[in-house]
Protein chains: 2
Amino acid sequence: MVGIEEVLRAASLRVTRPRVAVLSAVTSHPHADTETVIAAVREQYPTVSHQAVYDSLKLLTELGVVRKIQPHGHSARYEARVGDNHHHVVCRNCGMVADVDCSVGDSPCLCASDDHGFLIDEAEVIYWGLCPECQFSSQTP
Amino acid sequence: MVGIEEVLRAASLRVTRPRVAVLSAVTSHPHADTETVIAAVREQYPTVSHQAVYDSLKLLTELGVVRKIQPHGHSARYEARVGDNHHHVVCRNCGMVADVDCSVGDSPCLCASDDHGFLIDEAEVIYWGLCPECQFSSQTP
DNA sequence: TCGTTATCTTGACTCATTCAAAAAAAGCCG
DNA sequence: CGGCTTTTTTTGAATGAGTCAAGATAACGA
């Protein structure tokens, strides 16, 4: 884990309990959704407001310390694995997320064939399917 | 445009005014969000309920007649271009969407290097950036 | 330690989307 | 063509993730 205090201080931001607790929660619960993050944070710091968690997550995301994943139809999820080029598989049934290193290499699909004049800064890839568990159980939502 | 009546009948579904109007609206307004689709449908059929439009869109999406795009932070968008392999560029600022044919070819990134036992059926790619217009105007939301 | 200012708490609010019950209309059948 | 059954639509309320705003609190530089 990166030194969060340093990251925050470097950005002239205060090192506060919610922020540290949120990063710790995201680190120990990869791909947790917001609700889960709030619950995890409250284990160490029972009185945090959901707002503080939302704020911290947003902040940490902007600082690049955590990464936000938002599969459609599911609430946002967060992970502390950043800086490498990896994507996600999402289960259509239960929303479970797993990491995937793209087969193409470092920067797959980063250059679109025709960018329509857009200034592209990120390519997001999500694989959709069924997780092992949901393949066996009869896929009822 | 595909014969929507045939598609619906083939699926044992009724050919109704909302459904036909929704497909027509999506066809003539590529990448329109739900609100825009509702407005467009109401130009031909002023009394449709939003619910009927939602239902029709969901149905047409399931039938594969239209495709749903859900960029995070923006409401769902729909397009009638289906069956080919294309992706989207989304403007972070205004939410505008444009089509992109992937540079890699027909099926980019379809096989993840390690699928974790998932049964993958779709790879979704979204390029994020700024549309030409928002690059010039000072990107204020 | 003190004061300034960023951050957190609280609680209300938004807005796309969904739910549910009753009304309407597709289309099968005679 | 007109009635009947079933699917769709209407209507209106509800949900839920996420945001907003004002006052209270706590970081941290001096």
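Lettering of chains follows the sequences in order, A, B, ..., and the numbering in each one begins at 1.
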Query - Proximity to DNA chain D (any heavy atom under 4.0 Å), residues of residues 32-43 of chain B only - result: none
Query raised in the report: Tell me, for nucleotides 25-30 of chain D in 5' to 3' order, what letter each nucleotide earns: B for a base near a protein heavy atom under 4.0 Å, S for only sugar-phosphate near one, - for neither?
Result: -BBS--
Query raised in the report: Taking atom P of D:dT11 as reference, at what distance in whole Å does atom CG of B:D55 sit?
Result: 14 Å
**Report entry** A:H31-A:H29 aromatic ring centre distance below 6.0 Å
**Finding:** no
Query raised in the report: side chain to side chain contact (heavy atoms under 4.5 Å, CB included) with B:E124: which residues, sequence neighbours excluded?
Result: A:H72, A:I126, A:W128, B:E122, B:I126
Query - Heavy-atom donor-acceptor pair, A:S28 side chain to A:S24 backbone, under 3.5 Å - result: yes
Report summary line: In short, A:C134 meets A:N93 closest at the heavy-atom pair SG-OD1, 3.0 Å
Query raised in the report: Would B:E79 and B:H88 count as having a side-chain donor-acceptor pair, cut-off 3.5 Å?
Result: yes
Query - Close side-chain approach of B:P71 and B:I69, heavy atoms under 4.5 Å - result: yes
**Report entry** Euclidean distance, atom NE2 of residue B:H72 to atom C1' of D:dT19 [Å, nearest integer]
**Finding:** 18 Å
Query raised in the report: Under 4.5 Å between any side-chain heavy atoms of A:H86 and A:R67, yes or no?
Result: yes
Query raised in the report: Rounded to whole angstroms, how far apart are CD on B:Q51 and C1' on D:dT15?
Result: 13 Å
Requested in this report: Please find the earliest and latest nucleotides of DNA chain C, in the 5' to 3' direction, that have an atom within less than 4.0 Å of any heavy atom of chain B.
Outcome: C:dA16 to C:dG27
Report task. Report the nucleotide, chosen from D:dG12, D:dG18, D:dT9, that has the shortest atom-to-atom distance to any side-chain atom of B:R19. Result -> D:dT9
Requested in this report: Could you tell me the separation between the NE2 atom of B:H50 and the C1' atom of D:dT11, rounded to a whole number of Å?
Outcome: 8 Å
Report task. Please round to 10 degrees the angle between the axis of the first five pairs and the axis of the last five pairs in the helix from C:dT1-D:dA30 to C:dG30-D:dC1. Result -> 30°
Report task. List in chain and number order the residues that pass side chain to side chain contact (heavy atoms under 4.5 Å, CB included) with B:S49, two or more places apart in sequence or in another chain; answer none if no residue qualifies. Result -> B:Q51, B:A52
Query raised in the report: Which part of the nucleic acid, if any, lies within reach of B:S49 when heavy atoms closer than 4.0 Å are counted: base, sugar-phosphate only, or nothing?
Result: base
Requested in this report: Check for a donor-acceptor pair, side chain of A:Q44 on one end and backbone N or O of A:V22 on the other, with a separation under 3.5 Å.
Outcome: no
Query raised in the report: So, A:D55 and A:R19, do they make that salt bridge, N to O below 4.0 Å?
Result: no
Requested in this report: For A:A52 and for B:K58, locate the closest nucleotide of DNA chain C by heavy-atom distance; then report the residue assigned to the nucleotide nearer the 5' terminus.
Outcome: A:A52
Report task. Could you tell me whether the side chain of A:R42 and the main chain of A:V48 form a donor-acceptor pair under 3.5 Å? Result -> yes
Query raised in the report: Between B:L23 and B:V65, is any pair of side-chain heavy atoms under 4.5 Å apart?
Result: yes
Requested in this report: Could you go through the side chain to side chain contact (heavy atoms under 4.5 Å, CB included) check for B:Y54 and B:T34 one step at a time?
Outcome: CA-CA 8 Å; B:Y54 272 101; B:T34 313; 3.6 Å; yes
